[in-house]
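To start, the structure under review is shown below, and the notes come after it.
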Amino acid sequence: MPKSEATTPQDAAALSEAILRKLTYDLGKSRAGARDRDWFMATALAVRDRMVDRWLTQLRASYETGKKQVYYLSLEFLIGRLLRDCISNLGLNQEVAAALASLGVDFEQVRQAEPDAALGNGGLGRLAACFMESMASLGIPAFGYGIRYEHGLFRQLVREGWQREYPEDWLTFGNPWEYARPEIAHDIGFGGSVEAVAVSELRVRHVWHPAETVQAVAYDTPVVGWRGRHVNTLRLWSARAIDPLKLEAFNFGDHVGALADRMRQESICKVLYPSDETPAGQELRLRQEYFFASAALQDLVRRHLRVYGDLRSLPEKVAIQLNDTHPAIAIAELMRICVDQHDIAWDEAWEITRGCISYTNHTLLPEALESWPVPLMERLLPRHMQIIYLINAHHLDSVRHAHPEDGRLLSSVSLIEEGHGRRVRMGHLAFIGSHKVNGVSALHSELLKQTVFADFHALSPGRIVNKTNGITFRRWLHQANPGLTGLLTEALGPEVLDRPSLLPGLVPQAEDAGFRGRFAAVKRANKEALASVIRHQLDLRVDPGALFDVQIKRIHEYKRQLLNILETVALYDAIRAQPMKDWVPRVKIFAGKAAASYHRAKLIIKLAHDVARVVNSDPTLRGALKLAFLPNYNVSLAELIVPAADLSEQISTAGMEASGTGNMKLALNGALTIGTLDGANVEILEHVGAENIHIFGLTTEQVAAHRAAGTRGEAAVAASPRLGEVLEALESGVFSPDEPDRYRGLVASLRGDDYFLVSADFDHYWEAQRAVDARWRDPAAWQRAAVLNTAHMGWFSSDRTIAEYAEDIWRVPVAHTA
Ligand code: 26V
């Protein structure tokens with residue numbers, strides 16, 4: 001039974017006392033003067049106390065019992081708020097609610113006073129956060145390592161339809177979840193030179209003399225798993241300039257210069273890089289990558305040596321997961337630590353390194369694959385560059401040995417890309433430095449084998465494995481959708497909270513009109529809550545009885561928000577042409593950020609607003625169509641929208657979305673998917689069944705054929721009068737009378753190379769949307785499909801994903817089964 005069900009009044013009283021003590025003695029505030037923010041801090045500090053004993057005990061126990069540790073290295077952790085998560089996993093829901101009520105404080109207001117920790121861009125960062133929660137829930141001893149950015153992802157404001165970026169300040173009022181560890185600090189070197197010291201006639205030892213050194217200081221956040229059984233650590237590093245006094249003495253007489261130096265060094269952890277910005281050529285980004293990878297390795301090596309005394313046992317006791325190539329420099333760093341600092345022979349060091357490390361790839365997009373200019377690497381990390389050359393030499397020797405005289409193969413698998421300036425290919429380095437490489441959905445993993453890593457796959461068959469992404473049900477079902485969770489526990493028993501494998505027990509209930517009614521009532525209540533936010537934020541009234549059609553994700557051309565907007569315009573035209581027809585009322589809901597420098601994506605946001613202005617104010621539609629773009633999409637906004645969605649838009653160009661995880665959140669919460677055969681949609685189709693999902697569009701192979709044939713968008717436009725009209729309206733400035741040419745460029749691409757196949761897929765998408773309408777007209781059929789989506793999504797729990805990583809990649813036992 002969940003602990004919260006056994007709450008006693010004493011528990012609540014003890015907690016309210018603890019909260020008051022925190023408010024008074026830690027924050028120095030009186031009850032009368034306390035604001036929501038203060039109550040949040042006091043509550044969080046009191047809740048944090050409940051984790052600490054378990055945390056410290058388990059940490060010690062995991063060393064004493066010699067358990068293998070997992071280290072998850074990620075430049076992004078997109079956490080969101082933690083209060084509800086901690087309370088719910090500790091089973092304190094009722095205690096906290098009662099404690100705050102007894103203090104006359106509204107829990108929901110307190111909860112909303114917490115800022116989102118937005119230390120990530122999107123899917124990759126959110127996945128890392130779900131994984132941390134699942135590792136704790138499964139009782140796998142693990143550390144997450146990342147950077148404690150002072151400013152997370154920018155805040156998005158929309159002014160006259162244009163996105164504007166504002167700095168995000170999540171730390172302004174303090175972070176109650178973290179413990180600063182000023183005594184845990186590692187020196188991180190940059191630049192300088194490498195000295196070769198002869199230690200014997202046969203051996204030289206390389207000594208790196210960095211030109212500058214920055215300290216990485218640890219900040220620890222406990223991560224509590226489901227039912228509070230296990231607590232892991234998220235250790236984020238902050239940069240501290242070394243000994244500011246010495247620095248000032250060094251710059252004697254130049255006080256300002258000394259401080260400027262210090263500022264420059266500490267700038268490493270000031271701000272999160274937007275992932276969609278081309279990373280190449282950005283020195284600060286490479287500094288960030290080495291800074292946290294080196295801190296992580298020094299930290300875990302020190303811990304390992306303290307317990308075991310020898311690095312040779314590292315692969316037996318340590319698994320290091322690289323979340324994308326961002327921490328891939330860790331491979332060269334671990335080689336340096338082994339060879340230069342611990343005198344381990346090269347071949348043995350390589351065995352140790354490959355034994356520990358594995359790598360997850362999250363995208364096939366060529367522009368997203370990291371590579372660094374050789375001159376930059378030589379200047380910033382001279383010893384690592386030497387090591388990379390040596391790794392490459394050994395690697396190419398073995399390739400040459402197996403495939404003599406295959407020049408094409410050699411240059412394709414070389415770590416160094418020759419051509420317009422030599423560059424280090426981080427994906428290649430990550431591949432050869434890892435014992436396992438994984439993709440994030442079945443389709444994506446297959447495409448890895450066929451495209452970016454085809455040659456590597458032929459050289460090392462079996463190294464690429466698939467680990468389809470998942471989401472933590474605690475956050476994305478239990479916490480975000482308490483109404484549905486209540487219904488599920490009523491129908492399937494409270495065990496369903498621990499075992500999503502029980503969800504198929506809903507299948508017979510889908511035939512029960514009474515159950516469907518209760519399911520629909522929960523959805524309706526969630527939609528009313530969202531409608532109220534839309535009204536307050538956008539001054540727009542939407543009917544909670546309408547179909548809520550949702551596309552929430554980063555704005556990117558391959559995700560094809562544009563396709564959705566074009567369909568909106570086509571529907572608008574159709575309704576205006578026949579206003580008296582029985583249209584299915586729809587609310588198109590969008591949310592998402594565009595990278596600051598991604599002009600096309602920002603123009604798509606502007607288009608959504610231009611279309612919204614026209615559509616939302618047209619009385620002839622009689623409410624049949626509305627468009628709402630909610631600003632500043634983040635984890636908290638997702639938690640509000642996901643439970644309220646009827647239709648989930650997963651419409652990327654096939655082959656381009658590695659997995660998607662929003663698709664899983666929405667389907668789990670009973671939204672039907674309209675989507676292409678891309679990423680994890682393919683597996684969602686397999687699980688929910690073809691009759692409960694709306695699939696449309698070109699397949700990956702057809703996309704490739706289309707592009708190879710050079711088919712232009714014009715052909716699709718000529719074949720589709722409907723699309724033709726939409727494009728003409730955009731071109732003639734119907735939606736942008738203040739600037740009639742605004743969308744000419746956009747439309748020209750749709751008529752031209754149509755790289756993302758928006759035009760090519762348009763008619764198919766339109767038809768699929770009309771099939772959605774038809775289903776909506778039959779409420780029983782819609783509700784049945786919605787229930788069956790929830791019933792069949794259990795497999796997409798990140799507990800399942802993590803259990804697979806644990807077994808196939810990390811080789812660690814799972815203490816608590818999902
Ligand atoms: C990076 C870049 C950089 C250059 C410009 C274009 C571009 C586009 C996307 C990205 C993001 C790459 C990494 C990433 O976030 N991948 C996402 O990872 C999720 C978790 O595995 C997965 O669900 C998403 O499908 C995938 O896009």
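Remember, it's a predicted structure, so these values are computed and weren't measured experimentally. Both ligands and their constituent atoms are indexed starting at 1 by order of listing. Note that these values count all heavy atoms, side chains included, but never hydrogens, waters or copies made by symmetry.
- Aromatic pair F131/Y805: ring centres closer than 6.0 Å.
- Using modelled atom types and a 3.5 Å distance limit, the side chains of N466 and E804 yield no donor-acceptor pair.
- Counting only non-hydrogen atoms, the option in M656, K559, H362 that gets closest to atom 21 (O) of ligand 1 is H362.
- For the residues G679, G660, G439, G123, the heavy atom positioned nearest atom 23 (O) of ligand 1 is part of G660.
- For Y72 and F143, the gap between ring centers reaches or exceeds 6.0 Å.
- Nearest-residue assignment for atom 14 (C) of ligand 1 (options N663, T325, T661, L124; heavy-atom criterion): L124.
- Heavy atoms of H556 found under 4.0 angstrom from ligand 1 belong exclusively to the side chain.
- When ring centroids are compared, H556 and Y558 come within the 6.0 Å threshold.
- Centroid-to-centroid, the aromatic rings of W226 and H478 come within less than 6.0 Å.
- Two rings, from Y166 and F154, have their centers 6.0 Å or more apart.
- In this comparison of K553, E657, E370, the heavy atom closest to atom 24 (C) of ligand 1 sits on E657.
- Close approach to Y558 involves these atoms of ligand 1, each under 4.0 Å from a residue heavy atom: 27 (O).
- Summarising the contacts of atom 9 (C) of ligand 1 with N323, L365, L127, the nearest heavy atom is found in L365.
- The shell of residues lying under 4.0 angstrom from ligand 1, judged by heavy atoms, excludes Y598.
- Atom CG in N438 sits 7.0 Å away from atom NZ in K467 (nearest 0.5 Å).
- In this comparison of N469, I471, V440, the heavy atom closest to atom 20 (C) of ligand 1 sits on N469.
- Shown in contact with A658 at under 4.0 Å from a heavy atom are these atoms of ligand 1, numbered in order with element: 25 (O).
- Donor-acceptor pairing under 3.5 Å is recorded for the side chains of S294 and E333.
- Under 4.0 angstrom from ligand 1, the non-hydrogen atoms of T363 all belong to its side chain.
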